[in-house]
Every structure is written in structure tokens, then in C-alpha cells.
Amino acid sequence: MKSKDWQEEQGRLERVRNKLQARITELEPEVTGLRDQATDMRKRFWEDVTINTSTDEDFEETFHNINQQSAVLAERERGHKLLTQQWKNLKRLLPSPYFGRIDFQENGSDPMEQIYIGVSSFVDRDGLSFLIYDWRTPIASMYYDYSPGRASYVTPAGGIEGTMELKRQFQIQNGQIRNMFDASETIGDELLQQVLGTGADSQMKTIVATIQKEQNAIIRNDKSRMLIVQGAAGSGKTSAALQRVAYLLYRHRQTIKADQIVLFSPNPMFTSYISTVLPELGEENMQQTTFQEYIDYWLGSSLRPEDPFDGIEYVLTAQGTPGYEARLQGIQYKTSEAFLQALQNYGTWLGREGMRFKGIRIRDRILITAKQMREKFYSYDRSLPLFNRVVLLQEWLLNELAALERMEREAPWVQEELNYLDSDQYAEVFGTLHRDREVFDLAEHYAAVREKVIKKRREDEGDFDFAQKEEDLLRRTIVKDIFKPLRKRVRKFSFVDFKGIYGQLFDDEAAYREKTNEAVLPSLWPEICRQTKETLTRNELFHEDATPYLYVKELIEGVRTNTEIQYVFVDEGQDYSAFQYEYLKKLFPRARMTVLGDFGQAIFMQSTSLDAPDSPLVRLYGEAETRLIRLVRSYRSTREIVEFTRLMLPGGEEIAPFERGGQKPQLVGLDGGEERDAQIMANIAALRAEGFHSIAVITKTAAESREAYESLRAHGGEALQLITKETQNFEKGAMVIPVYLAKGVEFDAVLIYDASPAAYGRDNERKLLYTACTRAMHRLYLYSTGDWSPFVGALPPNLYEKASN
């Protein structure tokens with residue numbers, strides 16, 4: 001850059017920062033003042049309200065007074081919140097006000113406009129001159145989508161066309177321009193080199209300064225009902241999705257709030273990893289959960305669903321054990337669209353026959369039998385959906401319970417209960433009977449009063465009114481307490497035998513075909529049935545049964561929907577089944593869905609292809625409302641690591657590395673486990689000395705992680721962290737972690753604990769190894785005490801360096 005350009009840009013930067021600082025200084029007393037006002041009003045709220053309910057007019061005046069005071073307080077708090085947010089945005093801008101500039105001349109307009117782009121907007125005192133444009137504004141989209149030349153952008157009023165004369169990129173730190181580039185590409189390689197060359201952090205950072213054109217298409221897509229992003233490892237798909245959330249909150253700020261967007265994360269630790277991105281951009285975090293947390297919530301304590309990570313542990317470690325092949329076939333079938341269709345047919349069959357109920361019992365007696373319920377259920381109009389008939393049955397049960405409760409008051413056991421009531425229970429009932437009469441001090445005198453009543457009853461045989469009322473109320477109370485939980489269970493549909501209804505699907509093959517019209521079943525279906533029913537007997541569910549079980553449950557008790565959610569994001573989307581996507585669609589019927597994933601990292605049995613022509617994701621909303629975006633360039637890893645890892649996958653040649661050089665992956669052959677652990681600790685020490693602070697020793701399974709952790713600690717690894725499925729927060733440092741928990745996260749250096757055929761020899765372990773290796777940004781080491789995995793051995797030798805102890 002010319003010295004003159006540099007000086008002019010630095011001069012402008014200082015002027016903008018001075019204005020920012022002046023505005024911050026100006027706002028500080030306003031922010032403090034409004035906060036103090038709101039706090040003072042909250043403290044004095046009831047002092048400023050006169051309560052008078054003597055007459056209807058006084059009550060109405062009091063009501064309006066309270067409402068008025070509440071509205072004033074709400075307005076103060078709202079004003080304080082908006083002003084505080086503005087103040088925080090300005091403070092966020094101060095160290096680095098902007099990262100880009102474009103000079104744009106609109107067709108038919110004489111003046112050239114200089115547009116500086118940052119993480120939020122800043123307007124000069126005239127209220128018209130934008131000193132900084134928010135990166136989400138329509139005009140800023142040209143920075144990401146165009147090189148100098150013809151350019152355009154879309155506004156709510158229509159398209160604007162013109163010419164981009166200049167595109168400049170900045171790196172600004174603490175008010176000083178550190179780097180400045182005039183770019184002919186979307187984002188110049190120089191800026192990306194600077195950003196990507198830094199170390200991995202414990203939390204994901206915003207990428208607004210380096211958004212690529214294809215990522216911008218993801219961020220600003222405002223039309224598709226289903227947006228599918230198939231992205232290579234390290235292509236920035238998750239980062240782009242988070243910027244998309246920020247864009248949507250900005251673009252639709254009048255109609256969408258953060259709590260109307262939900263992100264399904266792969267695990268709780270990943271939720272921590274991405275938690276700072278939106279706050280960095282001045283937005284609140286959307287709702288975040290995992291699919292497993294959702295399943296656990298709705299199943300409650302009735303059944304214990306298997307954790308998905310326990311499921312993958314079984315798949316990876318139980319080869320050769322009895323029933324293993326049947327379990328794999330069961331996973332594939334129960335997560336398929338075929339099983340979904342079978343369950344829909346099953347719902348139709350249940351409408352004709354086969355509903356199962358649980359009798360309602362009281363004190364070892366059955367009040368209403370399952371047979372009575374079944375007969376009543378099938379007496380209703382069979383054209384009504386299952387759910388409507390279940391609701392009618394529920395109403396009938398509540399009416400029956402009310403009648404039975406009245407009859408039960410005269411039962412002998414009620415008299416027995418009466419004889420054993422203590423004074424507190426009597427006092428409670430007496431207080432109910434005399435709620436509006438100040439007769440006695442119930443807490444202290446009821447026992448004495450009761451004795452007087454009984455005495456009077458004996459003396460005056462003609463006056464039993466009060467005593468009889470007391471006894472009647474006591475009987476009602478006793479019986480009501482017994483029937484109350486029965487009514488509660490009926491309202492929760494506990495009279496339906498959901499476990500039995502799901503379990504009877506697996507009685508035998510002929511019955512299953514009859515109930516579901518299913519023609520093709522897995523070859524080991526009898527063993528699949530045995531395993532499923534055995535698990536249900538223990539009040540447990542295989543992971544692959546959890547969503548189908550809820551689906552059947554909702555066929556019967558009604559679909560559980562959330563119409564408030566406007567956008568659903570699914571990360572690591574390849575790990576969800578077709579069945580789960582159908583369930584999410586039913587759960588959020590009004591939402592638009594964004595699915596992000598990489599089929600190259602599909603390590604679960606139920607994985608779904610994202611970009612195949614026959615993908616169930618396309619069928620979910622139809623081709624017209626679906627858009628697929630492929631990201632093939634990998635930015636996370638050095639060129640050497642990408643070239644090494646991409647050839648592990650069939651078709652991986654299409655993955656394009658970003659031109660950031662580094663060392664080739666190291667293959668370290670050793671004689672035994674002791675030597676390997678010592679070498680790994682030596683490599684970790686060397687990496688730390690080089691300035692790498694995020695280092696992962698990646699194993700295939702959780703069991704191997706625990707063994708490696710203990711062994712490495714014995715070789716000086718006291719500072720190592722062991723990451724498990726219970727780990728909530730992601731922190732910097734050296735750690736031991738199973739590959740399926742490392743998904744979506746990046747590290748400065750990755751050390752593959754065991755790259756032998758024993759660990760990664762089967763074809764379904766190819767993607768595990770690929771996923772593990774692609775976590776590395778700068779350095780990659782693989783260790784083996786014998787032969788190398790065939791997925792490593794098949795790679796060209798020029799892609800790696802061999803080292804031995």
C-alpha cells in the first residue's frame with residue numbers, strides 16, 4: 001500500500017475512534033441514570049401506588065394506577081436496555097471499528113460512496129452519515145459477494161446496481177491499522193492467512209471479517225424452507241450458521257427474537273464452545289439443546305433412553321458378541337423411513353384393534369378395568385383419529401372417577417381412616433368447614449372444641465347437624481386425597497399402556513407384518529424383537545427406539561408442537577436419521593430449517609446423506625422449498641493436512657485446501673505402548689514450547705480415552721484433561737478425547753493415539769479416522785505400535801513424513 005493511503009486511512013480511523021469515544025462518554029451518564037431510575041422505581045413501586053378497594057370505582061382506579069405505574073417502569077427498563085445495548089456496541093467497535101471498505105458508485109448517481117463495514121453501525125451526529133455500516137446491511141453484502149467491477153445489492157425497495165471501484169480489507173488492533181490489503185478476490189488470501197494462522201481458542205470466534213461468498217449465501221438466505229449445507233471438514237459451515245442467526249435477528253428484528261430460534265448441538269460441550277459468537281456480535285444467544293436432552297425431557301422418568309454416545313460405544317467395541325449383527329440391523333431399520341411408514345400404518349391398525357390400557361386401582365382394588373376402557377374406546381366413532389378417541393375416553397374416565405369418588409365415601413375403609421386422623425388433619429378440615437366464620441383459633445383449640453361437639457351430640461340426640469357436616473367433610477377429604485393422584489394420572493394419559501403398545505410390535509414377525517403392512521424386514525428380525533422387548537422389560541429404550549417410541553406415543557395422545565419457533569438449526573446433521581428429521585418437522589411446524597453437516601464425518605449408524613439426489617431432507621419440504629449449498633474449501637487445516645486427510649475418503653479429491661502451508665503429518669511408529677505414551681508426552685511438551693496451547697490426544701472410544709488418560713498421566717501427563725460425555729465446558733489445554741466428542745471442534749495440534757488396523761481397520765471406521773485427523777489446524781501426529789490402518793497405508797508416501805523412536 002502507498003504511504004499516502006496508509007496515512008489517510010489511519011487518520012480517518014482516528015477521527016472515527018474519537019467520535020466513538022465521545023459518544024460512549026456521552027452515553028455513560030444516560031445509561032447509569034436510566035438504570036438508577038428503573039432501580040429506584042422498582043424499589044418504590046408500591047409506595048407510589050394507593051390501594052383502595054372500598055368500592056368498585058376505587059378498585060378500578062387502583063387497577064389503572066397499578067397498570068400506569070407498571071407501564072412507566074417497563075418503559076424505563078426498556079429504554080435502559082436499548083441504551084445499554086447501544087453503549088456496548090460502541091465499546092465493542094472502539095478497538096477495531098471496521099474491517100472492510102468498498103467504494104461504490106450507483107448507476108445514475110454522481111458521488112462515489114465510501115462504505116466502511118464493521119460488526120455494527122455507527123452514524124454521525126447528523127443522523128444521516130454512516131461512518132460504519134453493520135456487516136448485515138444490504139449494501140455491505142457487496143463486500144462479500146463481489147470483486148471490483150459491476151456490483152449490486154438488494155434492498156426492501158428493490159435492486160441497486162452500480163460499480164465497485166475499490167475493495168479494501170483491514171486488520172485493526174487497539175486503534176492501529178496492522179495490515180491493509182486491496183483485494184481483487186472476495187476476501188484476500190493475505191487477510192485469511194493472518195486470521196487462520198492464529199491458534200485455536202477454547203470458544204469459536206466470529207468470522208464476519210472473513211466471510212466467503214459461498215458462506216454469505218448461507219447467511220443471507222431468506223427464502224428456503226429447508227437450507228442444507230454439505231460442507232467439508234473445516235469449511236466454516238457452523239461459523240456461517242451462527243452468523244446466519246445474527247443476520248436473521250438483525251434482518252427481522254421487529255418480528256423475531258432470539259428465543260424463537262433453536263439450535264440442536266451434537267453435545268453439551270459444543271454448546272459451550274459456540275456460546276460467545278452471538279454475544280460478540282451484540283446479539284442474545286438462541287436456545288440451544290441436544291436431541292438427546294429433548295428426548296430425555298419428554299420421556300421423563302417412565303423409561304430410560306440409551307445415550308447416543310453409549311450406542312456408538314457399543315457399535316465400536318462389541319464386535320463379535322452375541323446379538324451384535326442383529327443390533328446393527330435394528331439400528332438401520334428403526335431409523336429408516338420404512339419404519340416411519342410402518343408406524344403410520346400401525347396407528348391405523350390401532351384405530352381398529354390392539355389398543356392397550358392399564359386398569360385404575362385403589363387400595364388393591366381395580367376401579368375401572370383395562371377391558372372396560374378398551375370396550376369404551378372402540379365404541380366411539382372409528383372415523384375419529386386415535387387422539388380424539390383417547391380424549392373422549394379420558395373425559396369418560398374423569399366422569400367415572402367423580403361418580404366412584406362419591407360412592408367411595410361410604411366404604412368401610414374410610415371409617416377406619418377417620419378413626420386414625422390426627423389433630424392437624426382435623427384442624428385442616430375444620431378450617432375448611434368454617435372458612436368464613438371466625439369461630440375458634442383452629443391451631444390451638446380445635447381438639448377441645450371437637451370434644452365439646454361430641455359431648456353435645458351425646459346430650460342432645462336431636463342436633464347432629466354440625467357433627468354430621470364435620471364427618472361428611474372428613475370423608476370427602478379422605479377420599480379426595482386418594483382420588484386426586486388418580487385424576488392427575490388420567491389427565492396425563494397414564495391409563496394408556498404406551499410401553500405395551502410399542503412392545504407388541506415386536507411380538508413376532510407375522511403379527512408385525514399384519515399390524516404395519518411391512519413387506520421387507522431385516523434378516524435377523526426375531527433377534528431384533530427379542531432384544532427390543534428385553535430392553536423394554538428393564539424400562540429402558542435403545543437409542544434407535546427413543547424417537548419411534550415418542551412418535552407412537554404422540555399418535556395416541558396428540559402431536560406435541562411448538563409454533564413459536566421460527567428457525568431450527570441442526571448441526572452435525574448427517575448424524576440424524578430420516579425418522580428424527582420427520583419428527584423435528586412435526587415438532588416445529590412453522591419453522592424454517594437449516595441443516596449443516598458433512599457426510600464424510602457420518603460416524604453413526606443412522607447417518608443421513610445431506611446432498612444425495614434421493615436424500616430424505618429434500619423430500620421433507622420438497623425440491624421447490626429446498627436449497628443445497630456445498631462448501632468444498634477447507635480453511636481449518638494447513639494445506640498439507642487437508643491433502644493428507646481428503647484422500648482417506650472416496651471422492652475426497654473435490655475437497656480444496658486453502659493455501660496455508662505447514663508441516664506434513666507425522667507417522668510415528670513405535671515398539672510398544674510404553675514407548676508410545678512417552679513419545680506422545682514428549683511431543684506435547686515440544687508443541688507447548690512452540691506456542692500451541694490447544695492439543696488433543698484423540699482416541700476411537702471413551703473406553704480407550706480412559707485407558708490412554710491413565711497411562712499418559714503415569715508418563716508425566718498430570719496436566720491432561722479427560723473429556724467425557726458429561727463434560728460441559730470446553731477449555732484450552734492438552735486433553736484426551738474420543739473422536740465422536742471432538743466433532744465440530746478444532747485444535748492447534750491433534751495426536752491420534754492409535755492409528756493401527758485394530759483401531760481403524762473396518763470400512764465403517766474410515767470416517768472416524770478422517771474426522772479425528774481433520775480436527776487439526778497446524779500439526780497432526782499419528783501413532784502405531786505395529787502396522788498402519790489401511791486408510792493411512794493407502795495414502796501416497798509424499799503426503800506424510802515417517803518418524804520412529
Side-chain angles (χ1 to χ4, degrees), residues 200-207 229 231-246 258 261-280 285-297 307-313 543 567-576 580 584 593-598 600-604 607 610 635-636 694-699 701-702 705 721-733 735-748 750 767-768 770-772 774-777:
D201 209 325
S202 60
Q203 290 173 315
M204 186 178 285
K205 298 297 183 184
T206 174
I207 62 165
V229 182
S235 58
K237 52 189 177 292
T238 301
S239 295
L242 294 172
Q243 320 305 309
R244 173 168 168 75
V245 174
I261 301 175
V262 62
L263 168 68
F264 284 90
S265 298
N267 55 62
M269 189 180 72
F270 186 79
T271 301
S272 163
Y273 180 60
I274 64 172
S275 62
T276 60
V277 174
L278 288 172
E280 279 182 14
N285 265 321
M286 65 285 185
Q287 295 190 65
Q288 297 180 60
T289 187
T290 66
F291 195 81
Q292 182 68 21
E293 287 171 340
Y294 176 83
I295 292 289
D296 289 343
Y297 177 81
D307 187 285
F309 302 122
D310 291 337
I312 194 173
E313 280 286 313
H543 177 65
Y567 285 88
V568 172
F569 287 75
V570 180
D571 205 358
E572 300 295 341
Q574 75 282 346
D575 292 334
Y576 287 69
Q580 289 172 321
L584 287 174
M593 193 178 295
T594 301
V595 176
L596 320 144
D598 175 18
Q601 299 178 63
I603 64 174
F604 288 86
S607 296
L610 304 184
Y635 298 98
R636 172 187 297 139
S694 177
I695 302 168
V697 178
I698 298 184
T699 64
T701 66
S705 278
Q721 308 170 58
L722 176 62
I723 305 299
T724 70
K725 65 182 182 181
E726 284 81 25
T727 303
Q728 296 291 321
N729 297 313
F730 182 76
E731 299 176 356
K732 270 190 175 183
M735 65 191 69
V736 182
I737 182 171
V739 58
Y740 51 79
L741 290 181
K743 295 186 70 173
V745 185
E746 61 190 20
F747 306 92
D748 290 331
V750 164
K767 291 179 178 179
L768 277 171
Y770 170 79
T771 301
T774 53
R775 303 306 93 202
M777 291 179 64

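All values derive from a computational prediction rather than experimental measurement. This chain uses plain numbering: 1 for the first residue, then up along the sequence.
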Problem - Step-by-step side-chain hydrogen bond (donor to acceptor under 3.5 Å, both in side chains) determination, Thr206 to Gln243 - result: CA-CA 7 Å; Thr206 174; Gln243 320 305 309; 3.0 Å; yes
Practice task
Evaluate the criterion side-chain contact (heavy atoms from CB on, under 4.5 Å) for residue pair Ile603 and Lys743; output intermediate values, then yes/no.
Solution key: CA-CA 10 Å; Ile603 64 174; Lys743 295 186 70 173; 3.7 Å; yes
Practice task
Carefully, step by step, assess Glu572 and Gln574 under the rule side-chain hydrogen bond (donor to acceptor under 3.5 Å, both in side chains).
Solution key: CA-CA 6 Å; Glu572 300 295 341; Gln574 75 282 346; 2.8 Å; yes
Exercise for the section: Determine, step by step, whether Asn267 and Phe309 satisfy the side-chain contact (heavy atoms from CB on, under 4.5 Å) criterion, reporting the C-alpha distance in whole Å, the side-chain angles of both residues, the deciding distance to 0.1 Å, and the verdict. Expected result: CA-CA 10 Å; Asn267 55 62; Phe309 302 122; 3.8 Å; yes
Exercise for the section: Determine, stepwise, if the pair Phe291 / Leu584 fulfils side-chain contact (heavy atoms from CB on, under 4.5 Å). Expected result: CA-CA 10 Å; Phe291 195 81; Leu584 287 174; 3.9 Å; yes
Exercise for the section: Just do the side-chain contact (heavy atoms from CB on, under 4.5 Å) check on Tyr273 and Glu746 with the steps written out, would you? Expected result: CA-CA 10 Å; Tyr273 180 60; Glu746 61 190 20; 3.3 Å; yes
Handout entry: Intermediate values then yes/no, side-chain hydrogen bond (donor to acceptor under 3.5 Å, both in side chains), Gln292 and Thr290
Key = CA-CA 5 Å; Gln292 182 68 21; Thr290 66; over 6 Å; no
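Residues Asp310 and Lys725 meet the side-chain proximity criterion, which asks for heavy atoms closer than 4.5 Å. In this structure, the side chains of Asp571 and Ile274 stay at 4.5 Å or more apart for every pair of heavy atoms.
A donor-acceptor contact shorter than 3.5 Å links the side chain of Arg636 to the backbone of Thr774. In terms of modelled atom types and a separation under 3.5 Å, the side chain of Gln288 and the main chain of Ser265 share no donor-acceptor contact.
Closest heavy-atom contact between Pro268 and Glu293: CG-OE2, 4.1 Å. For the pair Met269 and Asn729, the tightest heavy-atom approach, listed with the atom from each and the gap, is CG-C, 4.1 Å. Residues Ser239 and Ile207 share a closest heavy-atom pair of CB-CD1, 3.6 Å. Closest of all the heavy-atom pairs between Met286 and Ile261 is CB-O, 3.2 Å. Across all non-hydrogen atoms, the minimal contact from Tyr740 to Thr701 is CE2-CA, 4.4 Å. When all heavy atoms of Leu278 and Leu242 are compared, the pair lying nearest together is CD2-O, 3.5 Å.
The residues Asp598 and Lys237 are annotated as not salt-bridged, no charged nitrogen and carboxylate oxygen being separated by less than 4.0 angstrom.
To the nearest 0.5 Å, atom CD of residue Glu731 and atom OG of residue Ser694 are 11.5 Å apart. Separation of atoms CD1 (Ile312) and CG (Leu768) is listed at 5.5 Å; rounding is to 0.5 Å. Between the CD atom in Glu726 and the CG atom in Leu741 there is a gap of 9.5 Å [rounded to 0.5 Å]. The structure places OG1 of Thr238 at 4.5 Å from CZ of Phe270, a figure rounded to the nearest 0.5 Å. With rounding to the nearest 0.5 angstrom, the CD1 atom of Ile698 is 11.0 Å from the CD1 atom of Ile723. Put simply, NZ on Lys732 and CD1 on Ile695 are 11.0 Å apart, with the number rounded to the nearest 0.5 Å.
Between Tyr576 and Phe264, the angle of the ring planes goes over 60°, which puts this pair in the perpendicular group of the 30/60° scheme.
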